[in-house]
Structures are given as C-alpha cells and as structure tokens.
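Data first, discussion second: the structure below is written as structure tokens.
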Amino acid sequence: MQPNASSVEYSEQSIRVLKGLEPVKQRPGMYTRTDNPLHIVQEVLDNAADEALAGHGKKIKVTLCADGSVAIEDDGRGIPFGLHPEEKAPVIELVFTRLHAGGKFDKGKGGAYSFSGGLHGVGVSVTNALSTRLEVTSYREGQVASLTFSGGDVIEPLVLRPAVLGAAQAGAEGPRDRKQGTSVRVWPDARYFESAQLPLAELTHLLRSKAVLMPGVSVTLVNEKTRDATTWQYKAGLRDYLQQTLNGEPVIPLFDGSGSADSGHDSFAEGEGADWCVAFTEDGAPVRESYVNLIPTSAGGTHESGLRDGLFQAVKGFIDLHALAPKGVKLLPEDVFARASYVLSAKVLDPQFQGQIKERLNSRDAVRLVSSFVKPALELWLNQHVEHGKRLAELAIKAAQSRQKASQKVEKRKGSGVAVLPGKLTDCESRDLAHNEVFLVEGDSAGGSAKMGRDKESQAILPLRGKVLNTWEVDRDRLFANHEIHDIAVAIGVDPHGPGDAAGGMDATGVLAGLRYGKVCILADADVDGSHIQVLLLTLFFRHFPQLIAAGHVYVARPPLFRIDAPARGKKPAAKVYALDEGELQAALDKLRKEGLKEGSWTISRFKGLGEMSATQLWDTTLNPDTRRLLQVHLGAFDFARTEAEITKLMGKGEAASRRELMELHGDSVEVDV
C-alpha cells in the first residue's frame, strides 16, 4: 500500500509547540527505554521513515560510527529552519529542544503528516536530552542549516549557508544543489542507560522491517568498525519477508492482501487501512510482527485483535458453510490464530498508543478497521481455493479438539464432591481455564446488563447485592456464614486458605486445583462506592484467597465514568467516546476541539452506575477483551508482610487512630469523586 505524496505544505506553520523539555533528564524511564540507547536512535529513524511514508523520501542510511555515535540520514524535505511564527526561534531548534514540538499534531489541518508514528511529540527532543552531543543538518530549499546540542542545550547556534555545486563552489555562477533531507548524528549519554551498546541484532531487524513496510525505499546500515554495509530494498514487501522468516512449512499458500478506506468511507478517513501477510504452519514458533504507521508494536494491540477477528470470522463462516465441524466442537478465535504467523502493517490517522515508547496500540476503532478489510478478503480467497480452505479448517478444528480435550482432563480431576453452584451465577459454556472469566458485579441491575452483553462462551456473571463484608478480622471458619462470600467461593471453586497453604498452587492437590476460571474480575461502579466494594473484595482475596492473587488470577475491571456524544466532524461520523475519569474527559474534549468541533456541540453523560449502561455499552467498554481495561492485581512495592501491615492499618477495626492520622497527612492530596 504505497502512500500518495502529501499535498499539504510542510512549512514553519506546520510546527506546534506544546511544552518544555527538562523533565526528561530527571526521569528518562518515563519517556524511553533505558536498557540501551536503541529507542532514542529509533526516534530519529521514525522521523526519516515518516518522510518516506508521506512520499517524500526514497533512501534512509544509518551509520554506526567508530567513535560510538550513530548517524541517520534521509532524503526527505529537511526540517524547516525559519523562525517559528509564535516562538520567534528557529523551528529546527524547537524540534530538538522542546518536549512537545513537531509536525504531527494537527492531522490534515496545517500539519505536515497525515499518517505518522509520532503522536506524543516528545520524539527527538528526548534523543537530544539524553545525548552528550547531537549534530543536525537540514538540506532544504537550496540552503544548508547546521546546529549542535549537548545534553539538550544549544552549544553551536544555527548556521546557514548556500548549498551549491561544482563551479558555484569556486565563486562562479552555477546551478544550486537540489539535495534535500536531514542528517542527525547522536552521541548517547551512557549515564542514562544500563548498557551503552546498541543491540545490533535488534537494530538490523528494525531497519530491515522498515524496508519491508515501504516497498521501493532503500534502507542501509553501515558499520565503520567492521567496514560492513548492508542495504535492504523489497519490491514484494510483506510476502517475501514472511517467507524468509517462517520457522515451519506453511500448510496452505500464504494469504496476503491490503485494504484502505476511500474518500467516501462512512467510518474511516481516506487512506486508513492495513497490509497483511499470513501463513499457517503445523510446527515451529509462529512469527508475529505488527506495525502502525511503520512503528513496531511489539506488545500488539487492537490492530492485531482486528486481524484475529477477521481471520476467525472468515474461517468460521467457511466451516459453517461447508458443514465441516464435528459434533460438539466449538471453535474459538484462538483455535484459528494458534498456528498463524503474520506481518501486519496498519495505517491509522490518529493512533493512540499505550505509553510513550508505543509498544501497544490502544485505538479501539483499529479492531473494526483491520477486521473489515481482512474478513471479506479471506472469505473470497477461501471460497476460490476450497481445498486450501478445508486444510485450514482441519487445522483449526484440530486445535479446538485439543483444547477441549485438555479442559475435560482438568474437569475429571475435580472429583464428584463438587458443591452446588449458586443459583444467581450465570455460568459460561467453556471449561477452559485459559479463556474462562467470572465477573463479580456490583448490583442486580448491572448484573442483568452484564448477562445480556457478555460472551456466553467464556464469561460468567455473579451479581453481588450490596457491600461485601469486611473480612479482614473474620475467622476463616466463620466466612461461609456470609451468603455473598459463600457464593463467591463456590462459584470460583476455591476454598479459603492462608498464604502458606499449598504454596505450589496449581498442582492437583493444591488449593487452586478446583479453580473454575482463569480470571476472577471485580466489576464495580466507577465512583466512591464502587471503589469501596473493590477494596472489600480485594481485602477478602488477599486475606482468605492469597494464592489466587499470587498466581495472577484476580483482576479489576475499570468501567468509564463519562460518555461523550460527539456529532459528525469532517470525514469522521458521529461517535460515542468513553472516558475513565475527569482527566480522560478533558483530554477527549481537547481532541474534539482540535478536530474542529464547536464548544458545546457535544453532550456529556455521567454514568451514575453500571446499571445505567446498556448491554452493548457494557460489552464495548468493560467486557470486550479487545477494548476493555482490565488491571491484574499483584503485590506492589511492598512484600507480603508489609502489605499485610498496611491493609491492617486501613481495614482493621482497632485502627481508627491510624486512619485518622493518614487522612490528616494526605487528605489534601486526594481528589474524590463523590
């Protein structure tokens, strides 16, 4: 999917300054990886790749210099070096010295890039802050601009000179040099990194993948010490790359394709879409790589969920159409995805990432975006190649049978003396711990919505009435006198226990041998009462079911507190935006303003409780594994004994004085949404 050259002019007005740089040196770990300098080099490389993605460059060169520095050159448009209209300083200086300055904020409204990996805008300013020296040269409009920094500060101010060729250099009139582009040389500051060495294998993989994702662009790596030079340039792109990196023989031919929205699309902006190549193998470790606007997303995200959904829906439809599924076999997305290797490259107009290092894509719309192109393409391919489709169906059915067989073995070990499940528990159909979840839901009305909105295959619902008992000082033998706690214990299949009981945890005789769900999720309102119920349930699990927490089975769901109904804007249709808290609400409103909406043209609703949400809303925001926010519960900075002491202070009946002291000390620093 080759991008068209952007028609938007890239000039001084394209750069928008948000705020200063200094915090980076204080806490570099908030802005970049600190195990080695690869990520700060990648920030420069991503800028060069964004120029190529926008259609303004064909060559990228990275040089590992003999003195330990790294140089990155591109033949893009060059960074503007005129004075910024508001800041009255050279733009090239602002880009490298201000934390939030760049050409990637105002997409389609005077910004320089429609699609780019840069979103947060910290970028090369972080590279600059964490380098002992940084030299930048910009070739633009027949001129060369150079300046040098140290530790983020300018040490050699901007110097401008004409770029001329041949006779012009000797003083005679001659043609101006048409060279364009940017050259950046970085000396990373070893004080900020655990190792000052760049991981060569990772860098090589990164550069090679850039070449794969941009067919026709050449990417070169030069090592001055070893005098080696490698250039990558791929004509066929993803297919060639995946074929070369597969660890097993594919059982059917590779399935590749691409799709992008046109100007008349009702849900996505023009150019948004994806390229993909998928291979299915019976053995060998799967190869899985995904990218958003050329940025590698090593932790996956919603675009990968969209690929999984599209593959599953197409294969399941093919199996149903040809009646291939044996009786009793129920196909899950994981059964299709288990033996899939893939390279996925998504283009998203305004990508939302988890964290500054952009390891995971969080944009909810990306699930629908990728799935909407992959599903019809695979459906067509399978029905054009029925024999290959049947082979793929056989592979998925085999995976489903193995999964079901494994879960049945676990069931047999439980024995016949199982307690009768509570009547208000709405159980799930599957018995596979890897997929099963139970939601402990505050209130019957919310429980009703959750039952209607859940995935019946893998999600169970247990409504709780009122606030659970504070069990911190309740004897274990007396716990079952409380009906709610009795129902929780019976539903999850685990008896109350202490921290030292069966420390092995998951063996057949251990306390977790009867566990019925891989995830036990606390789902309460996003207000103070909901937080109180969360605390009471966490107290119960920490005191009387500690092995559940130790083995990573306890989670807290985070439903939104606000919903914004936004009208249509530009190519984007009317939408509902959910916000977790006041901070997210303000961020969402700022984004709507930036997209051109008039103040007050939206409607803000505050959920008084989960019971106000429809089944669809609850699924979209809190239950759907692809879009929900689910936090795993584990011990934090304190060990078990220290955590126990802190909870005693907070939950113990005789600790009122300690709690009052705590509130007097820290009460002013806490914002409470009552």
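Each residue takes its place number in the sequence, starting with 1. Because the structure is predicted, anything quoted here is derived from the model rather than measured.
Atom CD of Gln244 has more than 12 heavy atoms from other residues, nucleotides or ligands within 6.0 Å. Annotation: Arg558, atom CZ; neighbour count of heavy atoms from other residues, nucleotides and ligands within 6.0 Å does not exceed 12.
When each of Glu359, His303, Arg360 is paired with Thr297, the side chain to side chain donor-acceptor pair (under 3.5 Å) condition holds for His303 and for no other. Of the residues listed (Glu73, Lys61, Glu135), the one engaging Ser183 in a side chain to side chain contact (heavy atoms under 4.5 Å, CB included) is Glu73, and it is the only one.
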Inset, instruction - Go through Tyr192 and Thr34 one step at a time and tell me if the side chain to side chain contact (heavy atoms under 4.5 Å, CB included) criterion holds. - result: CA-CA 6 Å; Tyr192 296 109; Thr34 53; 5.6 Å; no
Inset, instruction - Applying side chain to side chain contact (heavy atoms under 4.5 Å, CB included), run through Lys225 and Leu64 and close with a yes or a no. - result: CA-CA 8 Å; Lys225 286 184 181 177; Leu64 303 179; over 6 Å; no
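Between Arg239 and Asp256 there is a salt bridge, since a side-chain N of the basic residue sits under 4.0 Å from a carboxylate O of the acidic one. A salt bridge is defined here as a Lys NZ or Arg NE, NH1 or NH2 lying under 4.0 Å from an Asp or Glu carboxylate O, and Arg185 with Asp67 meets this definition.
In this structure, the side chain of Asp74 engages the main chain of Thr182 through a donor-acceptor pair within 3.5 Å. Judged purely by atom type and a 3.5 angstrom limit, Ser69 has no side-chain atom pairing as donor or acceptor with the backbone of Cys65. Looking only at distances, a side-chain donor or acceptor of Glu272 sits under 3.5 Å from a matching main-chain atom of Leu349. Remark: the backbone N or O of Gly76 is not paired with any side-chain donor or acceptor of Glu51 at under 3.5 angstrom. Between the side chain of Asn36 and the backbone N or O of Glu194 there is no donor-acceptor pair closer than 3.5 Å. Without hydrogens or angle criteria, Ser601 side chain to Leu597 main chain gives no donor-acceptor distance under 3.5 Å.
A search for ring-ring contact (aromatic ring centres under 6.0 Å, His included) contacts involving Phe373 returns nothing, not counting sequence neighbours. Every residue two or more places apart in sequence or in another chain was checked for a ring-ring contact (aromatic ring centres under 6.0 Å, His included) with His205, and none qualifies.
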Donor-acceptor list for residues 144-155 side chains, cut-off 3.5 Å, not counting sequence neighbours:
| residue | atom | partner | partner atom | Å |
| --- | --- | --- | --- | --- |
| Thr148 | OG1 | Glu156 | OE1 | 3.2 |
| Ser150 | OG | Thr132 | O | 2.7 |

